[in-house]
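Mind having a look at this structure? Questions to follow.
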Amino acid sequence: MTEPLVFELGQPGRLSGAQVPREDVEISLPDAMLRKSAPLLPEISELDAVRHYTRLSQRNFSIDTQFYPLGSCTMKYNPRACNSLAMLPGFLHRHPLADEASSQGFLECLFELQEMLASLTGMTAFSLTPMAGAQGELAGVAMIRAYHLDRGDAGRTEILVPDAAHGTNPATATMCGCTVRELPTQPDGDLEIHALRKLVGPQTAGIMLTNPSTLGVFERRIKDVAEIVHGAGGLLYYDGANLNAILGKVFPGDMGFDVIHINLHKTFSTPHGGGGPGSGVVGVGKRLEPFLPTPIVDRRGDHFHWVDGGADRPKSIGRLSAFMGNAGVLLRAYVYIRLLGREGMERVADYSTLNANYLMKELEKMGFDLAFPDRRASHEFIVTLKKQAKENNVTAMDFAKALLDYGFHSPTTYFPLLVPECLLIEPTETESKETLDRFIGAMAEILAEARVNPGRVKEAPIRMPVRRLDDVRAARHLDVRYQPGDASIDL
Amino acid sequence: MTEPLVFELGQPGRLSGAQVPREDVEISLPDAMLRKSAPLLPEISELDAVRHYTRLSQRNFSIDTQFYPLGSCTMKYNPRACNSLAMLPGFLHRHPLADEASSQGFLECLFELQEMLASLTGMTAFSLTPMAGAQGELAGVAMIRAYHLDRGDAGRTEILVPDAAHGTNPATATMCGCTVRELPTQPDGDLEIHALRKLVGPQTAGIMLTNPSTLGVFERRIKDVAEIVHGAGGLLYYDGANLNAILGKVFPGDMGFDVIHINLHKTFSTPHGGGGPGSGVVGVGKRLEPFLPTPIVDRRGDHFHWVDGGADRPKSIGRLSAFMGNAGVLLRAYVYIRLLGREGMERVADYSTLNANYLMKELEKMGFDLAFPDRRASHEFIVTLKKQAKENNVTAMDFAKALLDYGFHSPTTYFPLLVPECLLIEPTETESKETLDRFIGAMAEILAEARVNPGRVKEAPIRMPVRRLDDVRAARHLDVRYQPGDASIDL
Amino acid sequence: MPFIPHTQDDTDSMLRAIGVNDIDELFDEIPDSLRCTELHGIPEALSEGGVSRLMRQRAKQDEVELNFLGAGAYEHHIPAAVWELTTRGEFYSSYTPYQAEASQGTLQVIYEYQTMMASLTGLEVSNASLYDGASALAEAILMAVRVNRGSHSRRILLPRSLHPHYRTVVRTITSSQGIETVDLPYEPNSGRTDLDALDRHADGDITALIIPQPNFFGVLEDVDALSDWALDHGALGIAVVNPMALGLLRPPGNWGRKGVPIACGEGQPLGVPLSSGGAYFGFLTCREGLVRQLPGRLVGRTLDADGRTGFTLTLQAREQHIRRSRATSNICTNQGLMVTAATIFMSLLGPEGLRRIAALCHARTELLVEAVAAVDGVEIVFPVPRFHEVAIRLPVPVNGVLERMRESGVLGGVCLGPWYSDLDNTLLVCATETKTEEDIETYAGMLRAAIEASGEGL
Amino acid sequence: MPFIPHTQDDTDSMLRAIGVNDIDELFDEIPDSLRCTELHGIPEALSEGGVSRLMRQRAKQDEVELNFLGAGAYEHHIPAAVWELTTRGEFYSSYTPYQAEASQGTLQVIYEYQTMMASLTGLEVSNASLYDGASALAEAILMAVRVNRGSHSRRILLPRSLHPHYRTVVRTITSSQGIETVDLPYEPNSGRTDLDALDRHADGDITALIIPQPNFFGVLEDVDALSDWALDHGALGIAVVNPMALGLLRPPGNWGRKGVPIACGEGQPLGVPLSSGGAYFGFLTCREGLVRQLPGRLVGRTLDADGRTGFTLTLQAREQHIRRSRATSNICTNQGLMVTAATIFMSLLGPEGLRRIAALCHARTELLVEAVAAVDGVEIVFPVPRFHEVAIRLPVPVNGVLERMRESGVLGGVCLGPWYSDLDNTLLVCATETKTEEDIETYAGMLRAAIEASGEGL
Ligand SMILES: Cc1ncc(COP(=O)(O)O)c(C=O)c1O
Ligand SMILES: Cc1ncc(COP(=O)(O)O)c(C=O)c1O
């Protein structure tokens, strides 16, 4: 059954919520300032709203209902306590501009979070304000540029990015007014060091890397990379999207990175919320500290206080948000770290890596081709379906859709771009062996089906609320809002 | 897909919740006192628990997802504000034996609730302690008995109950040590007054009535009934399950009732929770006040205080619960009344009655037979499928199951017992005309199908997680707990 | 109109379809003399924002810092997941699962609950819940009367060491059926049921013996002796147990030589917040052979028309909606939502989690005992093995002490004097796993200060 | 192990399957010199109960009684249903809806959201959200630069009456792309953007003009004049609007002769709690013709293989994961959950509810203006039409006054001095529908008392 649009549920003039104030006051504003026609908002009862959105929610996959082995996304369990504690009234109703005296509880959490993140990454200072990974990247590259400019080195405008990098890396470089130079990858998954040597120079602002990379392998020559880039006068940016794989094992600071963002919504398990919010906190080594975005929390004795731009931080790249970033996400991450504690932090990398390597080996045994069969998996790994695509015309996309019918969310498909027909698979540490085994079973069944009955796989999904959607039509006949009176496209 | 039992998900020794205290203390108790084998509880991760119970929840119909026209049950919208406000920390963490000085907020709510309920029913005093309708009935009949005994009239042990009464009425009478005498109903839905005249006498403790009755009609001669019973020395008990139909229209006190229970989980919209909790608060006229169950809240100036048994209430029938009943339910009802206010209370009967009469008329137009075609519907009414059962062998149960496939919960079936193949239909005031119209459409389709293809109707449901269940097998091969190692009955 | 969706157009067209002119006409069968005019006593409606503000103010008044009360309702940490899941609309707003096919979620939860409770109590069958612990005991007694065909006395032995409120509830609910409850005293030194006093009933016809574990004083009873006595004297033993304690303690099904056939109690410690006294839930478990006398709902596993496993209410012929005046009980609505919470709670903790929390409760109370015993003039009334509560006698009147503690935001204990004349100046105090060592020091320190201040006040 | 389900058996058999001896071996590609030894700085784990207690204590410290702050974040009553639904696991814990077939819930919510926001702003297309209001404005400016092919200056006119934080965020985000922001002063008497000053740019090449409504001072700008100016001078008008105000005020799409082509703003007033500053969400809407330059995600309605309606992400070629360095923005994760809340919020209120709340906010602030204007020495800085905020000048330094009010649990306003040297001793005060008439009296009374006390203190 399809669920109607909320606009199709109402009746003109229906007004039945207890939340609408009974008071209807006279307005003294000039008539010309006032709205003449009502906005297109639903006119439904509270009950119908509850029903509609409850039913819509049931049309989603989620961590709370399905295994979600989405590579690069670290879809681990989001502890419910993190949600309920971040939403305590004192935090929830706190105005962002409340004075410090009325904010000590909140500020203490943020201060400790800054400190804990520094100690988890080997950086010296953190700013919590970036609102997602991509904004952390923007902050990072902006800091790198500010650093060079501060030294009077205006010519450094190139950012090196591996071809396996996430799209946000090159996009960010552009937003920061830099030019992107792409770095090739070797067949073993490591960077081509000689290519790197050739690309660096006095124009190099820096390099953006994830390690382990989005190929699911650890860049073994990271020390060489750092030496080369630093040697050429550039700085190293760490894209922390894969921090989960090395949490408590390797400090990005020790690898030579000058600046890092962490996706708290990945490694620190704050929920993805169907697309956000996230948090892309940034950490830096000593060199970049003056440039950190503001505000930041500091302490004086027992008192926690804000450090904003201006005299305190004249070199700061400035603000990235109207207030201080996604506070609620930060509180959730704080609770998460306190729940796991030191031992728990160390276990994150251990068990996410164990799960990934187990899954990789078992899938290999089932007949799947690995992109990097000779490498250890980090917390994720890549299966390539090049052979299946060629022999049976069953693609990575077909596998992805077929998995949905088994009640599994699909792995990441077609990313990283350099591996053909790839599935990037990241089980995370919170999944049990039984779940992995069921997933392996489903993959094996689909593989068998792809051989004997590829058409069936290409028909998938059949158990979802809709069958495969026509993306071309969506783009060609752009329909991005409901217009009453439009013939419904169902007709 | 079926959902495994929670016990089938675990692994021995799995322990992965942050809620399990890390501390594992030594116990000094004598070994003989200690448990030797662990109880059969799941050993699963928090994630797997969340997934399991989230998925189970999705296997339910509920108000929040479906229209639920369950006669006699008043399945109206349960406002979410009632839930969140009743669960405010000050109420949620309040210990039931906290002293009065730390309980004034809570006690004020209860006191006002007592007063408001009295004013809504025309009774003089309320006790909030009964934990469901049936316990309210028990309190009521116990008060009636106590009253007679207090007057030294020990011979009054009979309770009169209409044949249409809910099962809790006769069951309660028995629990109170009384004998049940059943009263017949006339074809027009009113009581047989002459039968009543014959049945009353010096043995009559009282009569238990709902009005409007469970037949969906208002007992027009209620004044006569009261006169007859009172004249014979008996008292009148009002089963408030149908109060929704007359809220703010008729006071049970004015009809001559001496004692009443209200199902707060019906008329005052506290949630049914898959079977409970409820609240069956009892109200009385002056005569029965001394017998009310305790505790009760009273005020002295600005201070609210408990009145318990003992010296204050020597004639009280006593306590019905360890503390004071379902406090959380009471708070929800309190919030509900404050949200609706005086005007809202009056609208409850208006619109629940409008919805019922509309639905009744429209179904009649579609070709359904009404049990009482010449009567107004109260907030509910009865369709009888006697004809369909006879002509097409399609029963009320078949209709009920077929409705599920349309996304509607079925009406109450086979109750009241005296109407053959009945559907007792109660839409409530919170449903929109559109929903009623869709329901009418579904009923009409099923009726048509019952004529041309009765087999299809008898196959229903086919879209539920399970098909019709084998109740006979359930009773014969009683399986009321999982035993590990048992061959699963699936095999 | 809050919660009512009717526009004027809707109303008009519905009235037209019915064939009346206005809504009032729909009430024309009600005699005019009965129509009430106005609702005095109901205030005007508040918006949701207005009610929220009011309720927040009221709730805030009742907040305390630390609560050392027990006496039948216990503060435990409840994992956030429990109520986030329990209040999902599909659990929260569904009805009793009479339409099994549309209620598999609730039904499976109850089946899982039944399994857990049966195992926790060491018995075979659990119903789907009763109202609360006290009324569950009343139902257990009525059940015992039906079951114990060998006994005709309807005489029940009710220890004074049982929660006093349970004792009065039992009387309210069972007395009109001619059931007689006989008090059993406790030993003044141990707080345990007096076995000699029990033996004085050896020749009487006793229908059932109630065995609390732990008892109201937190004291652990000699449950083996008590259940064997019942066995040997034709009485049914009925256990009244704290389910949290059963994470640690031997279950009723294993008491004495053969266990007791019926167990019941208050389920609140299993994931239900204190919430001012309710909604909680009563549980009732028994031996398989007694199932047809069990009150309340029962879920069974069965097969559907396609042979798939499913769940349904079963043995409904025991219940009021089928058997009416001959039902095993009048109960209809029970405490389903709390059962859902308890099931999730137990699933999150598992056997080891439950054991650890129970052990921690016990350990914390032992720490408290040590700390308060060191306060001048304070006496541990029953120096015997206990679970997580202790009766302490103060050298000064308790009310002043409690008031002083409350002023610092601490609820110091429940006075036993009003229930037990021999336990004057005595507090029942409870420390669960929610109390830290510092909390316990705070408590002892406040107690000392309050006693000294009271002493001076004299 | 919290959240990690592996038993020792599991781990052992998995290691065996992989063919290694221990977990550490799985890290053998990492150079030894990089392996860190210990995590100083991370405390030991706390149980959920322990963390709960800690967080409750911290949160409690920050509770206040009454909050009259606005300045970009507004206290509104949020219906309970909004967050009870939004935090349902299926919304809360799902990923970006890349797999459309398994994400129809989220996708349809966003489609509904897009419809509502487009209509609210009087434009045609809305994206699926940006981070917050300030960064949305930065993105709108970058978009305008791409769209306005007629302009080559990359010069943006940024009124000083715009939120000062927005102004700095715009600079942080856009400056490295060679975009120049030029300040536009406001009229000292009205707080409105100075049209004469604007006209001085008539001959310059201006890429875009930013038009806040209401502006930072709560004042209503002459949006018709401003948007017509932009239209007439080849600049794109970009509206920065409070969506709550749009329940009442004329939408950007209708400003001036042709409306402005782009609107953006902070979505927080639509059902997102103050929550210390985030997560909020930025919205961005535009004319249909500009859709290919829109940053952020977009949901389209389409058909599935069976011809049924469904929803999917569309025009993804604008985005970083496809277009990489040539994407319209680097944004990936957005503020989906807040969008869900806002959609439910707007559904519960409907057009009339939104209008009434907006009207009530306005009326409450007018009441506040009246009340504080009656306080000796207090001056209404901009006596012109406003929405729900007002700048008031005190006769004494503001800090002492604010501190006195805070001691009574009231947050009295935001100091404008640090941002505007000409607005010393000035507070920006906001009264939404959450403030009752008594609250406003309380405020005025406290203000009077605090001013008097400060005066004495001098
Ligand atoms: C490797 C990598 N880098 C960066 C990002 C961008 O982070 P965000 O989505 O939080 O902006 C992602 C997100 O998927 C990622 O996987
Ligand atoms: C008419 C009637 N009376 C009594 C009851 C019993 O109320 P409860 O289920 O709250 O015990 C019901 C419940 O369905 C009912 O419909």
Side-chain angles (χ1 to χ4, degrees), chain A residues 19-20 25 38-43 49 53 56-57 59-64 85 88 90 92 94-96 105 119 131-132 134 167 170-172 174 176-177 180 272-278 318-319 322-324 326-328 341-342 350 358 432-433 464-467 469 473-474 479 481-482, chain D residues 5 10 14 23 39 41-42 44-45 55 58-59 61-63 69 79 85 88-90 93-96 101-102 104-106 115 118-120 131 134 165 168 172 176 273 275-279 300-302 304-305 310 312 314 320-321 324-325 327 330 333-337 347 350-351 353 363:
Chain A
Q19 37 277 140
V20 177
V25 291
L40 178 59
L41 299 182
E43 301 183 88
Y53 291 107
L56 280 188
S57 78
R59 294 162 80 84
N60 262 4
F61 273 29
S62 68
I63 303 276
D64 277 10
L85 296 177
L88 285 168
L92 203 67
R94 191 187 152 271
H95 191 282
S119 98
M131 291 176 284
T172 298
T174 304
C176 291
V180 175
H272 278 80
R319 286 190 162 266
F323 300 108
M324 57 80 50
N326 287 338
R342 188 184 305 150
D350 279 341
Y358 172 73
S432 66
K433 178 171 180 296
M464 295 296 101
V466 291
R467 303 281 308 279
L469 290 160
R473 182 194 168 97
D479 172 2
R481 67 173 164 147
Y482 171 75
Chain D
D10 289 338
M14 291 168 84
I23 291 181
L39 292 180
I42 308 293
E44 298 239 311
M55 294 302 279
R58 296 233 174 125
Q61 286 177 57
D62 296 358
E63 285 181 16
L69 310 187
L85 293 170
R88 282 175 62 85
E90 299 96 319
S93 75
S94 62
Y95 197 73
T96 303
E101 299 83 0
Q104 287 296 300
T106 289
T115 302
S119 171
L120 200 57
Y131 303 130
H165 284 175
T168 72
T172 306
S176 53
S275 39
S276 298
R301 185 160 62 161
T302 185
D304 78 355
T312 186
T314 193
Q320 47 73 30
H321 63 286
R324 299 177 72 86
S325 66
N330 72 340
T333 291
N334 60 20
Q335 309 286 116
L337 198 69
S347 296

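Computed over heavy atoms, backbone and side chain alike; hydrogens, waters and symmetry mates excluded. Sequence lines set the chain letters: A, B, ... in the order given, protein chains first and strands last, and positions in each chain run from 1.
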Distance from Y95(D) atom OH to T106(D) atom OG1, nearest 0.5 Å?
-> 13.0 Å
Between A363(D), A305(D), A118(D), A327(D), which has the largest tally of heavy atom pairs under 4.5 Å with chain A?
-> A305(D)
Between CZ of R319(A) and OG1 of T172(D), what distance do you get to the nearest 0.5 Å?
-> 9.0 Å
With respect to chain D, which residue among A474(A), G328(A), G278(A), A38(A) yields the maximal number of heavy-atom pairs within a distance under 4.5 Å?
-> A474(A)
Contacting region of V466(A) [heavy-atom separation from chain D under 4.5 Å] | both
Looking at E43(A), H272(A), M464(A), H95(A), which makes the most heavy-atom pairs under 4.5 Å with chain D?
-> H95(A)
Relative to chain A, which of E63(D), E44(D), M55(D), H321(D) shows the most heavy atom pairs under 4.5 Å?
-> M55(D)
Under 4.5 Å from a heavy atom of chain A, the part of L120(D) involved | both
Which one, S276(D), S275(D), G277(D), leads in non-hydrogen pairs under 4.5 Å with chain A?
-> S276(D)
Residue among P39(A), P170(A), G341(A), G275(A) with most heavy-atom pairs under 4.5 Å to chain D | G275(A)
Counting distance only, does the side-chain N/O of N330(D) pair as donor-acceptor with the main-chain N or O of A171(A) below 3.5 Å?
-> no
Specify which of A132(A), S432(A), S57(A), G90(A) makes the most heavy-atom pairs with chain D at under 4.5 Å.
-> S57(A)
Correct closest heavy-atom pair for G310(D) and L469(A) would be CA-CD2, 3.7 Å
Could you tell me which portion of I23(D) (side chain, backbone, both or neither) has an atom closer than 4.5 angstrom to a non-hydrogen atom of chain A?
-> side chain
Distance-only, no hydrogens or angles: does the R473(A) side chain make a donor-acceptor pair with backbone N or O of T302(D) under 3.5 Å?
-> no
Among A279(D), G41(D), P273(D), P79(D), residue most engaged with chain A (heavy-atom pairs, under 4.5 Å) = A279(D)
Go through P42(A), G318(A), C176(A), G177(A) and name the one with the most non-hydrogen pairs under 4.5 angstrom from chain D.
-> P42(A)
Once you round to the nearest 0.5 Å, how far does CG of L92(A) lie from CG of D62(D)?
-> 12.5 Å
When heavy-atom pairs shorter than 4.5 Å are enumerated against chain D, which of N60(A), N326(A), T174(A), D64(A) gives the highest number?
-> N60(A)
Specify whether H165(D) and F323(A) have parallel, tilted or perpendicular ring planes, treating 30° as the upper limit for parallel and 60° as the lower limit for perpendicular.
-> perpendicular
Can you tell me how far CG of L88(A) sits from CZ of R58(D), rounded to the nearest 0.5 angstrom?
-> 12.0 Å
So which of A134(D), G350(D), G353(D) has the largest heavy-atom pair count under 4.5 angstrom toward chain A?
-> G350(D)
Counting N and O atoms only, with roles assigned by atom type, does the side chain of D10(D) sit under 3.5 Å from a partner on the main chain of K433(A), one being a donor and the other an acceptor?
-> no
Measure distances from T314(D) to the heavy atoms of chain A and classify the residue's part below 4.5 Å as side chain, backbone, both or neither.
-> side chain
Which of the residues Q335(D), R324(D), Q61(D) is involved in the greatest number of heavy-atom pairs with chain A at under 4.5 angstrom?
-> R324(D)
So, the side chain of T115(D) versus the backbone of Y482(A): is there a donor-acceptor pair under 3.5 Å, distance only?
-> yes
